[in-house]
Amino acid sequence: MPRKLLAVAFLALVPAPLAAARPVQIMPGVTYDHRVLKGPVHAYVMTAPKPGGLYSLTPLLSNDTITGRETVSSMERRVSGQMTTIGVNGDFFNWIGGWPSGLLMRGGTVEHQPADNRSAVGIDSAGNLHVDKLPFNASWWGFSTIRYPVAQLNEPPHPNSASLFTPVWGDATPPVNGIAAVLEPFPPAKPFGDLVGQVTAIVSNSSVAIPRDGAVLVARGSAAQALQADALVGGQVTVRIGLRPDWSTVTDAVGGGPALVRDGKAIAPQNSGESLTNVQLYGPDPRTAIGQRTDGGIVIIAADGRRRGWSVGIRNLDLALMLVHYGCVTGFALDSGGSTTVAFDGSMLNRPSDPTGERPVGEALVVGYAGVYAPPPAPTLSPNGDRVGDREALAYKLVRPSAVSAKLVAPDGTVRELDAGQKEPGVYRVTWDGTDANGAPAPEGKYHWSVSATDDLGRASTADRTFTLDETLGFLQVGRNARTISFQLARDATIRVTIETRSGDILRTVARGPRTAGAVTVRWDGRDGRRKRVPSGSYVVHVAATSPIGLTDVRAPVRIRR
């Protein structure tokens with residue numbers, strides 16, 4: 001398809017307000033944006049700095065083993081003490097066993113072989129992404145020095161082939177009708193070098209315990225005959241793992257596919273040449289992708305699908321064009337369908353398509369941040385005595401020992417330190433009641449919660465969050481069935497009163513416009529914007545007020561009974 005037509009296809013998908021979109025900073029240097037495109041398509045866009053220093057692009061393995069599955073949000077919660085993460089699902093996986101379908105590398109160690117005729121995405125030590133097809137080239141040799149192929153790595157061997165199992169597989173190999181050579185000790189399975197192990201046992205037709213400092217070479221059929229002949233107890237076996245093209249600088253990688261962007265140009269699925277199913281290549285579906293910009297910044301995009309009325313899904317071509325739109329020169333698709341998941345520090349952000357909710361998957365791919373993180377405080381502190389929003393809960397998280405200074409910066413720039421000192425990893429909390437150091441009411445306006453930290457590696461980071469001290473609105477009272485709604489204004493303000501569903505959909509705007517300071521009462525006839533009676537159920541009364549201080553709002557649940 002000509003490039004001009006590709007651009008037209010993408011513009012048909014993207015809504016007009018794209019240029020005016022305002023992503024939020026979800027953690028220092030990392031943004032998140034939930035977009036609603038035509039279709040409708042609910043898309044989630046994350047941007048992050050080039051990996052390096054405080055930032056990483058890290059594969060997470062379900063249960064920390066090749067076997068089994070785990071949700072993305074659960075994996076993130078498990079590593080929350082080591083990094084703050086936002087990420088998505090990784091490679092396709094075996095539905096029953098959970099092992100990846102393609103390449104997995106972590107910390108420079110190969111933990112699963114690449115898939116035939118499919119791309120993988122790798123991150124090198126300089127923070128650059130590589131997207132390539134990587135034929136697997138592994139072999140072993142023993143007493144006779146004849147080289148024999150290793151066809152699988154941490155996957156049950158196919159007929160007449162050999163498979164190497166390392167400790168990341170789990171406690172023991174699967175039962176196999178063949179021969180197993182126990183190698184102990186055996187080094188981590190790093191590519192491009194000879195891996196030498198001592199043969200401590202030969203076992204037939206049985207599951208074999210995998211030594212924590214070793215490995216097990218398992219073979220079936222004709223490959224088993226070679227293993228029995230050349231792997232002698234007391235002797236040595238050498239394994240060599242090669243990846244072509246040369247990925248000697250790549251430290252972490254996951255499989256998936258297809259490649260989506262090369263040299264800044266979108267790749268049409270029919271031109272990918274990758275061995276994937278039609279569903280994986282074509283048609284609208286929930287999909288996940290990652291890309292890198294010329295400055296090294298990372299872009300991750302996911303889109304919901306298979307949910308009528310919410311999101312119809314996205315095509316790989318449109319996903320590729322979105323990556324190009326966000327400046328990516330390299331792009332790659334990950335697992336799709338019900339696996340598509342977006343989560344932040346253990347909380348799911350999207351709506352996966354499986355009826356049961358978030359799907360357990362084989363891997364996650366996350367942006368990890370090792371600096372100080374401060375969760376967003378409540379947007380408004382209102383210490384007016386109505387017991388709603390009268391205290392601000394402030395917090396920060398450390399993942400390494402750090403020297404910390406946590407400060408409150410007033411609207412006039414005055415700084416007040418609320419917490420300081422040498423801190424161990426953990427979450428620290430401070431509560432502020434809206435008074436100054438002398439106990440007098442603090443001035444209204446925008447405040448900054450600013451936390452600076454220097455960790456034990458000498459890396460400095462700062463987290464800055466804002467909130468407003470605003471006593472304009474308070475003392476909300478909702479009558480039976482919300483027929484009367486009353487509140488107090490401390491100053492003149494423009495108000496808006498709405499009746500909403502619990503998920504935030506507006507059913508009716510009851511009142512709007514300027515009001516003078518004092519008591520305000522509005523009435524509702526129990527009907528929605530189409531003048532239909534609202535059925536019995538749980539709803540929310542939402543009152544917002546805009547004054548010279550800013551925007552403040554309060555919500556109150558209400559039960560409608562007919």
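Not measured: the values here are computed from a predicted model. Numbering starts at 1 and runs along the sequence shown.
- Ring pair Tyr44/His34 is parallel by interplanar angle, where below 30° counts as parallel and above 60° as perpendicular.
- For the pair Arg351 and Trp310, the cation-pi test (distance below 6.0 Å, angle within 45°) is passed.
- A salt bridge does not link Asp295 with Lys50: every distance from a Lys NZ or Arg NE/NH1/NH2 to an Asp or Glu carboxylate oxygen is 4.0 Å or more.
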Checking Thr356 against Asp354 for the side chain to side chain donor-acceptor pair (under 3.5 Å) test, could you report, in this order, the C-alpha distance in whole Å, the side-chain angles of both residues, the deciding distance, and whether it holds? CA-CA 5 Å; Thr356 53; Asp354 281 3; 4.7 Å; no

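- Judged purely by distance below 3.5 Å, without hydrogens or angles, the side chains of Thr47 and Thr31 pair a donor atom with an acceptor atom.
- A donor-acceptor contact shorter than 3.5 Å is absent between the side chain of Arg293 and the backbone of Val324.
- Using a cutoff of 4.0 Å between basic side-chain nitrogens and carboxylate oxygens, Arg35 and Asp33 are scored as salt-bridged.
- Between the side chains of Ser547 and Thr472, at least one donor N or O lies within less than 3.5 Å of an accepting N or O.
- With hydrogens and angles ignored, the 3.5 Å screen pairs a side-chain donor or acceptor of Glu70 with a backbone N or O of Asn63.
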What's the verdict on side chain to side chain donor-acceptor pair (under 3.5 Å) for Thr58 and Ser56, showing C-alpha distance, side-chain angles and the deciding distance? CA-CA 6 Å; Thr58 303; Ser56 62; 3.0 Å; yes

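- No side-chain donor from either of Ser339 and Asn89 sits under 3.5 Å from a side-chain acceptor of the other.
- Scanning both residues, Thr340 and Ala302, for their nearest heavy atoms gives CG2-CB, 4.0 Å.
- Of the charged side-chain nitrogens involved, at least one lies within less than 4.0 Å of a carboxylate oxygen, so that Arg400 and Asp456 count as a salt-bridged pair.
- Here the side chain of Arg465 pairs a donor or acceptor atom with the backbone of Ala374 at under 3.5 angstrom.
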What do the steps show when you test Ser62 against Glu363 for side chain to side chain donor-acceptor pair (under 3.5 Å), and what is the final call? CA-CA 6 Å; Ser62 64; Glu363 306 161 349; over 6 Å; no

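- Using a cut-off of 4.0 Å between Lys/Arg side-chain N and Asp/Glu carboxylate O, Asp470 and Arg491 are scored as salt-bridged.
- By the 4.5 Å heavy-atom criterion applied to side chains, Met46 and Val88 are counted as neighbours.
- In this structure, Phe344 has its ring center closer than 6.0 angstrom to the ring center of Tyr373.
- Side-chain atoms of Ser402 do not come within 3.5 Å of backbone N or O of Val404 as any donor-acceptor pair.
- Met348 pairs in a side-chain contact (heavy atoms from CB on, under 4.5 Å) with only one of the listed residues (Thr71, Val72, Thr341), which is Thr341.
- For Thr431 and Glu392, the side-chain atoms include no donor-acceptor pair closer than 3.5 Å.
- Residue pairs meeting the salt bridge (charged side-chain N to carboxylate O under 4.0 Å, His left out) criterion with at least one member in residues 499-522, sequence neighbours excluded: Arg508-Asp525.
- In the model, His130 has a side-chain atom that pairs as donor or acceptor with a side-chain atom of Asp124 under 3.5 Å.
- Heavy-atom minimum distance, Asp91 versus Gly256: OD1-N, 3.0 Å.
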Test side chain to side chain donor-acceptor pair (under 3.5 Å) on Lys407 and Ser452; report intermediate values, then the result. CA-CA 8 Å; Lys407 300 173 180 177; Ser452 298; over 6 Å; no

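- One finds no salt bridge joining Asp335 and Arg287 here, because no Lys/Arg side-chain nitrogen approaches an Asp/Glu carboxylate oxygen to under 4.0 Å.
- You'll find the ring centres of Tyr369 and Tyr55 inside the 6.0 Å limit.
- Looking at His42 and Asp304, their side chains never bring a donor and an acceptor atom within 3.5 Å of each other.
- Considering only heavy atoms from C-beta on, Pro383 comes within 4.5 Å of Leu469 through its side chain.
- Considering only heavy atoms from C-beta on, Leu473 comes within 4.5 Å of Val554 through its side chain.
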